[in-house]
Colleague: 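Take this structure, written in structure tokens, and hold onto it; I'll ask about it next.
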Amino acid sequence: MLAYVLRRVFQSLLVLLVVGLVAFAMFRYVGDPVENMLGQERTQADIERLRQQLGLDQPFPVQYLRFLEQAVQGNFGLSYRQGRPVSEILVERLPATLELAFVSGVLALGGGIGLGVFTAIRRRGWAANAIMTLSLIGVSLPTFLIGILLIYLFSVELGWLPSFGRGDVVDLGWWSTGFLTASGLKALILPAITLGLYQMTLIMRLVRTEMLEVLRADYIRFARARGLRERAINFRHALKNTMVPVITITGLQIGSIIAFAIITETVFQWPGVGLLFINAIQFVDIPVMAAYLMLISVMFVGINLIVDLLYYAIDPRLRVDRGTGGSE
Amino acid sequence: MTDMADKPAAAAPARPGRLRAAWRSDFLYSFRRSPIAVVSFCVVVVLVLAALLAPLIAPHDPFDPGTLKLMNGFTPPMTPNAFTGDSFWLGTDDQGRDVFSTILYGMRISLFVGFSAVLLAMLIGVTLGLLSGYVGGWLETLIMRIADVQLTFPAILVAMLIFGIAKGITPPEYRDQMAIWVLILAIGLSDWVQFARVVRGATLVEQSREYVQAARLIGRSGPAIMLRHILPNVLNPVLVIATISLALAIIAEATLSFLGVGAPPTKPSLGTLIRIGQEYMFSGEWWILLFPAGTLLALALSINLLGDWLRDALNPRLR
């Protein structure tokens with residue numbers, strides 16, 4: 001077990017180092033950092049001095065190590081476009097994205113498990129069939145089209161919900177939250193549905209397949225024979241055993257939720273890090289792009305690591321097997 | 001020399017024979033028996049033909065400013081314009097361009113980018129997959145580690161990043177011209193991993209077969225064995241992935257263009273058209289948005305369904 005954990009941690013660090021190399025190469029070779037930092041009126045002496053000051057005259061490995069050292073401390077330099085420290089901008093934008101991702105994740109998990117169980121139990125009902133057909137369309141619809149359709153329906157036609165922005169936010173120290181105001185909550189609904197819908201259909205289909213499989217198992221038949229109530233069988237016996245793959249997939253989907261937040265945030269002009277990233281690409285703001293890349297890879301790699309470790313914690317069979325295998 | 005030529009020649013007739021048999025019996029039979037496959041195939045063929053023949057079909061060329069009348073702007077579908085009396089099948093956009101024509105030309109760009117990107121991904125993926133499966137050793141470790149790292153991140157994110165870097169490298173005055181090629185590069189590079197993994201797996205299986213060992217024994221070179229012997233036998237899964245990748249690539253292209261990091265407004269793809277249409281959604285000009293969106297959906301959905309069917313049809317275990 002310990003050997004396994006160590007190996008996974010080592011692999012994760014390796015991935016981060018590679019991503020760091022990509023981010024560093026972007027800084028160093030896409031456009032000239034010196035040109036971007038100095039104005040039009042510059043002399044050769046200015047350029048030389050800044051190159052020395054930034055350490056650009058050092059050999060490549062030294063520069064890379066210095067970059068990593070700075071990155072670990074959260075220092076990614078100044079945004080070319082806004083002239084402010086990138087870390088400051090990121091911290092300012094992060095709460096919006098995390099709140100959106102959290103709500104969509106809860107929506108996807110809750111809705112996905114609920115509908116999955118429903119469609120598995122009422123397999124032949126018309127409602128279950130309708131949900132399954134709808135989910136097929138949901139999987140094929142690109143995220144941005146879902147967002148546009150929702151805006152068209154609920155903002156333009158019905159006028160119920162706002163089509164862009166976060167509404168009013170409340171500042172709690174460095175964290176600004178939209179959870180505490182009515183307009184903030186209202187503004188959250190459409191983006192959260194847009195972002196969570198794809199993951200919801202995915203989880204729903206997974207839960208349904210797993211449930212159908214488990215419901216055929218012998219121990220379910222025995223539970224029925226013992227005269228247990230349907231509810232107890234479905235939820236306490238069947239659902240519990242479908243949870244292992246669901247947790248794995250959900251964990252991995254958190255990463256895609258953060259990535260797809262870029263699209264949702266652009267559709268709804270949601271002021272999070274995703275919108276920041278898209279704007280950075282449009283204006284070739286390399287420090288912001290590199291910092292976003294590092295931030296998101298830390299999240300991805302971290303989530304993957306946690307999911308892998310959770311997998312072993314949840315499923316006792318794996319723990320016993322690997323545990324003895326690892327210690328010997 | 002004659003001995004060497006003898007062996008592949010003996011192996012060769014088996015392949016066309018099997019292919020022909022598959023085309024004549026199982027493959028076409030399962031195609032005929034699946035209404036979803038037939039319908040989606042027809043939709044794809046109609047849309048691709050419409051895109052290819054756009055200059056012949058389109059009522060006018062949306063890229064020729066001479067034929068445009070600004071007075072025709074925002075004409076609703078099937079209703080004569082209040083000023084000029086011109087009527088348009090699917091209405092016109094803000095600049096008086098016929099929406100039907102812009103969709104046809106937009107689909108050309110979407111399909112071109114999609115096909116080229118998948119081709120690029122396939123080329124890279126199949127080459128690296130064959131190499132890592134056949135050569136093995138540190139090369140395999142290196143390629144598969146890179147694949148693992150890339151697979152940690154969603155393809156669309158990788159594509160955005162490549163697009164951003166490529167945009168930073170190209171000089172500003174060429175950026176609009178190069179956008180389409182950069183887009184192909186970005187989507188292609190973000191999607192090769194699938195191909196490489198599947199081809200590597202299949203190559204590992206094929207490599208231990210007798211015909212490969214025989215080819216080795218008679219002294220055929222490594223590249224010849226990979227290209228002439230192994231490649232034809234691993235093409236089935238590649239074809240399936242390519243079809244599903246095409247749908248994904250078209251959606252990825254539309255997404256990037258919609259986000260403003262793809263095809264420029266001077267060369268609008270379906271995604272760019274949707275981006276333009278979204279701006280007019282709030283003022284009630286729904287047709288500028290709805291028709292390109294519907295076309296994109298029909299295209300992506302039918303290619304997807306076709307891919308699903310192809311996967312089942314080519315899967316020997318399901319036959």
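Numbers restart at 1 for each chain; the letters A, B, ... are given by sequence-line order, proteins then strands.
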Colleague: At a heavy-atom distance under 4.5 Å, which candidate from B/T255, B/V149, B/I251 has the highest pair count against chain A?
Modeller: B/T255
Colleague: Please look at B/I146 and chain A and tell me whether the side chain, the backbone, both or neither of the residue comes under 4.5 angstrom of a heavy atom of that chain.
Modeller: neither
Colleague: Please identify, among B/R145, B/Q278, B/M160, the residue contributing the most non-hydrogen atom pairs under 4.5 Å to chain A.
Modeller: B/M160
Colleague: Kindly indicate, with the supporting measurements, whether the criterion side-chain contact (heavy atoms from CB on, under 4.5 Å) is fulfilled by B/L157 and A/Y292.
Modeller: CA-CA 11 Å; B/L157 188 69; A/Y292 177 82; 4.1 Å; yes
Colleague: For A/Y64, look at atom OH and say whether over 12 heavy atoms of other residues, nucleotides or ligands are found less than 6.0 Å away.
Modeller: yes
Colleague: Can you tell me if B/L142 has over 12 outside heavy atoms packed within less than 6.0 Å of its CG?
Modeller: yes
Colleague: Which residues in residues 298-306 of chain B have a heavy atom less than 4.5 Å from any heavy atom of chain A?
Modeller: B/L301
Colleague: I'd like to verify something: which residue of A/V15, A/I148, A/T266 has the highest number of heavy-atom pairs under 4.5 Å with chain B?
Modeller: A/I148
Colleague: Please indicate whether B/E279 has more than 12 foreign heavy atoms, meaning atoms of other residues, nucleotides or ligands, lying under 6.0 Å from its CD.
Modeller: yes
Colleague: Heavy-atom distances under 4.5 Å only: say whether B/L259 touches chain A with side chain, backbone, both or neither.
Modeller: both
Colleague: Go through the atoms of B/F258 and report whether side chain, backbone, both or neither lie under 4.5 Å from a heavy atom of chain A.
Modeller: side chain
Colleague: Would you sort out whether B/I274 and A/F144 count as a side-chain contact (heavy atoms from CB on, under 4.5 Å), showing the intermediate values?
Modeller: CA-CA 10 Å; B/I274 295 170; A/F144 71 98; 3.8 Å; yes
Colleague: Chain B: which of A/V301, A/I262, A/V18 shares the most heavy-atom pairs with it under 4.5 Å?
Modeller: A/I262
Colleague: What part of A/I263 lies closer than 4.5 angstrom to a heavy atom of chain B: side chain, backbone, both or neither?
Modeller: both
Colleague: Would you mind checking which part of A/T143 comes under 4.5 Å of any heavy atom in chain B, side chain (CB onward), backbone (N, CA, C, O), both or neither?
Modeller: neither
Colleague: Side chain, backbone, both or neither: which part of B/A252 has an atom under 4.5 Å from a heavy atom of chain A?
Modeller: neither
Colleague: Under a 4.5 Å heavy-atom cut-off, does chain B meet the side chain of A/V19, its backbone, both or neither?
Modeller: side chain
Colleague: Report which part of A/L141 has an atom under 4.5 Å of a heavy atom belonging to chain B: side chain, backbone, both, or neither.
Modeller: both
Colleague: Of the backbone (N, CA, C, O) and the side chain (C-beta and beyond), which part of B/L289 lies under 4.5 Å from a heavy atom of chain A, both, or neither?
Modeller: side chain
Colleague: Work out which heavy atom in B/G164 is nearest to a heavy atom in A/I281; give both atom names and the distance.
Modeller: CA-CG2, 3.8 Å
